[in-house]
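Written out below as structure tokens is the structure these notes cover.
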Amino acid sequence: MDPSCGRSFMQVLCEKYSPENFPYRRGPGAGVHVPPGPQVSPMKDRLNLPSILVINSCGINCAGDESEIAAFCSHVSELDLSGNKLDDWEEVSKIVSSVPQLQFLNLSSNPLHLSVLGRSCAGTFASIRKLVLNNCKASWETVHTLLMELPELEELFLCLNDYNTVLCSPVCYRSLKLLHITDNNLQDWSEIRKLGTMFPCLDTLVLANNNLSKIEDSEESLPRLFPKLRSISLHKAGLNSWRDIEKLNALPKLEEVRLLGIPLVEPYTTEERRKLVIARLPSVSKLNGSVVTDGEREDSERFFLRYYMNLPKEDVPLRYQELVTKYGKLEPLVEVDLRPQNKANVYIHFEEKVETMSIRLDQTVAEFKKQLKNLVQLSTNNMRLYFLDHEAPFGPEEMKSSTRRLHSYNVHDGDKFYVEPKIK
């Protein structure tokens with residue numbers, strides 16, 4: 001590769017972390033002397049480098065002077081090179097081999113699929129514990145070459161790489177605890193099964209946005225496939241059967257699940273979705289990022305029982321009988337209409353006469369007077385109106401506020417109104 005066609009890591013490093021742009025050192029060690037050279041910008045005398053370097057989207061396509069990188073970056077532990085133009089693993093290797101303390105490396109959105117990664121080159125990555133290869137379009141052959149040389153790798157990110165399948169390896173990688181493989185196209189559970197075979201010690205598996213159609217393993221085989229899995233994200237998977245959700249109970253260590261955006265729960269309200277899932281997953285302590293409290297679990301399980309209590313026996317989920325054993329058979333909740341009454345049949349007293357009338361309770365006192373005008377033969381300006389609550393101990397109350405609505409007087413069927421002319 002001809003370094004003149006782009007920018008080197010060393011060149012960008014000197015520009016970004018010069019004393020003018022980055023005056024205070026972060027991390028161990030003193031500032032590093034920068035010798036003059038054609039690949040660096042004019043400097044004062046030192047670089048102030050933090051232990052976490054973020055050099056993303058800077059047009060980098062080569063390493064630059066390796067001895068200078070080694071001198072400047074001996075203390076660096078995290079390096080973000082995402083969004084650059086690195087298309088040669090050899091150049092990445094030159095950078096990584098010169099940063100001996102490096103544990104986190106982000107190479108996302110670099111066109112590294114354009115080159116082949118050799119074993120000797122991959123060996124320089126041996127100290128990496130967290131590796132991000134999102135949107136690199138890295139082949140599975142490349143991934144396996146890296147995995148063979150990274151004995152301490154704990155977290156791997158392989159999102160947005162257009163994977164339709166998983167290439168299985170005869171080797172198990174037991175160090176890996178977390179795998180993000182979102183936004184690919186892994187629709188068949190047989191591909192996920194390969195991940196369990198290769199990474200038997202996974203703690204967290206993030207499969208969001210893969211349109212996974214179903215979980216095909218049985219309750220007997222799932223514990224062997226993911227014996228240590230504590231957290232799984234199936235956000236926007238294609239699951240459409242409650243049976244798939246119930247199979248998650250077979251994972252012996254499972255505590256956290258994400259299930260937003262799956263077709264199965266779309267017909268339900270937000271409250272129904274959460275309660276019906278919680279009731280089916282008794283060991284899960286966090287759902288969609290929110291902690292499941294003991295009180296919420298009991299409410300959800302009781303809701304579940306009432307939700308399915310009237311279905312035919314053959315349509316009732318298996319979990320139903322387990323909860324009947326726990327709570328017994330529950331009575332249906334009494335439906336109470338808490339909406340305010342909007343009409344009432346009342347008595348209108350005027351001139352020693354009594355008339356019955358059905359009135360709207362959402363109308364104002366002024367509107368009610370207009371309704372009474374023809375009945376009592378008084379203008380609204382010449383009318384005094386009193387309300388007698390049959391439960392009130394103090395007698396009739398004059399209704400002086402023309403804008404007050406009738407329902408605020410707590411009007412019920414059988415209450416009385418008195419109309420009198422104003423005395424001139």
Side-chain angles (χ1 to χ4, degrees), residues 87 89 106-119 121-122 125 130-150 153-218 221-229 231-241 243-245 247-248 250-251 257-259 261-264:
D87 60 2
W89 282 105
N106 185 356
L107 295 171
S108 297
S109 300
N110 280 282
L112 288 164
H113 62 286
L114 298 177
S115 68
V116 176
L117 174 63
R119 286 285 297 273
C121 181
F125 292 75
K130 299 178 182 180
L131 179 61
V132 186
L133 297 175
N134 297 336
N135 197 34
C136 287
K137 313 308 179 194
S139 69
W140 279 109
E141 288 82 2
T142 295
V143 172
H144 288 310
T145 300
L146 284 166
L147 289 170
M148 291 288 289
E149 302 300 326
L150 275 65
L153 187 68
E154 296 177 355
E155 299 183 9
L156 178 61
F157 295 75
L158 297 173
C159 310
L160 295 161
N161 282 329
D162 297 334
Y163 296 139
N164 295 309
T165 61
V166 174
L167 178 62
C168 203
S169 167
V171 180
C172 289
Y173 306 107
R174 297 186 177 276
S175 65
L176 199 71
K177 301 296 188 293
L178 179 147
L179 176 62
H180 273 253
I181 193 165
T182 69
D183 297 277
N184 286 287
N185 193 30
L186 301 174
Q187 300 184 35
D188 196 323
W189 181 257
S190 62
E191 304 305 322
I192 310 306
R193 188 181 296 125
K194 297 174 188 176
L195 298 176
T197 301
M198 287 192 294
F199 309 119
C201 296
L202 274 182
D203 172 271
T204 301
L205 177 58
V206 184
L207 292 167
N209 300 327
N210 271 291
N211 201 28
L212 183 68
S213 58
K214 64 173 62 175
I215 298 175
E216 295 176 350
D217 274 276
S218 66
S221 59
L222 273 174
R224 296 191 297 271
L225 191 62
F226 294 107
K228 298 185 178 182
L229 194 66
S231 174
I232 187 169
S233 173
L234 295 166
H235 176 67
K236 289 192 176 179
L239 302 178
N240 53 28
S241 169
R243 191 76 188 94
D244 292 318
I245 308 303
K247 284 182 179 181
L248 296 176
L251 298 171
V257 176
R258 289 181 181 268
L259 286 169
I262 63 174
L264 171 65

Using the test salt bridge (charged side-chain N to carboxylate O under 4.0 Å, His left out), find all partners of [X] that sit at least two apart in sequence or belong to another chain.
X      : value
Asp203 : Arg230
Arg193 : Asp217
Arg243 : Glu219, Glu246
Lys137 : Asp162

Please find the pair of heavy atoms, one from [X] and one from [Y], that lie closest to each other, and give the distance.
X      : Y      : answer
Cys136 : Ser109 : SG-N, 4.0 Å
Leu146 : Leu150 : O-CD1, 2.9 Å
Leu212 : Gln187 : CD1-O, 3.5 Å
Cys121 : Trp89  : SG-O, 3.4 Å
Leu107 : Asn110 : O-ND2, 3.1 Å
Leu239 : Ile215 : CD2-N, 4.3 Å

**Report entry** Partner residues of His180 under the ring pair (Phe, Tyr, Trp, His ring centres under 6.0 Å) criterion, sequence neighbours left out
**Finding:** Phe157
From [X] [atom1] over to [Y] [atom2], what is the distance, rounded to the nearest 0.5 angstrom?
X      : Y      : atom1 : atom2 : value
Leu156 : Tyr173 : CG    : OH    : 11.0 Å
Leu195 : Leu225 : CG    : CG    : 9.0 Å
Leu178 : Leu202 : CG    : CG    : 8.0 Å
Leu248 : Leu222 : CG    : CG    : 7.5 Å
Leu114 : Leu112 : CG    : CG    : 8.0 Å
Leu234 : Leu205 : CG    : CG    : 8.0 Å

Short question: side chain of [X], backbone of [Y] - any donor-acceptor pair under 3.5 Å?
X      : Y      : answer
Asn161 : Asn135 : yes
Trp140 : Thr165 : yes
Thr142 : Leu117 : no
Ser175 : Leu153 : yes
Asn210 : Leu186 : yes

Quick one: side-chain hydrogen bond (donor to acceptor under 3.5 Å, both in side chains) partners of [X], sequence neighbours excluded?
X      : result
Ser231 : none
Lys194 : Glu191
Ser233 : none
Glu155 : none

**Report entry** Partner residues of Ser108 under the side-chain contact (heavy atoms from CB on, under 4.5 Å) criterion, sequence neighbours left out
**Finding:** Ser82, Asn106, Val132, Asn134
Query raised in the report: In chain order, what residues pass the side-chain contact (heavy atoms from CB on, under 4.5 Å) check against Lys228, with sequence neighbours excluded?
Result: Cys201
**Report entry** CA sep, side-chain torsions, deciding dist, call: Ile262, Asp244, side-chain contact (heavy atoms from CB on, under 4.5 Å)
**Finding:** CA-CA 12 Å; Ile262 63 174; Asp244 292 318; over 6 Å; no
**Report entry** Stepwise side-chain contact (heavy atoms from CB on, under 4.5 Å) check, Met148 with Thr145
**Finding:** CA-CA 5 Å; Met148 291 288 289; Thr145 300; 6.0 Å; no
Query raised in the report: Should we count NZ of Lys247 as having more than 12 external heavy atoms under 6.0 Å?
Result: yes
**Report entry** side-chain contact (heavy atoms from CB on, under 4.5 Å) between Met198 and Val166, intermediate numbers included
**Finding:** CA-CA 10 Å; Met198 287 192 294; Val166 174; 3.6 Å; yes
Requested in this report: Just grab all the salt bridge (charged side-chain N to carboxylate O under 4.0 Å, His left out) pairs involving residues 167-189, residues at least two apart or on different chains.
Outcome: none
Requested in this report: Could you tell me how the ring of Phe226 sits relative to the ring of Trp189: parallel (under 30°), tilted (30 to 60°) or perpendicular (over 60°)?
Outcome: perpendicular
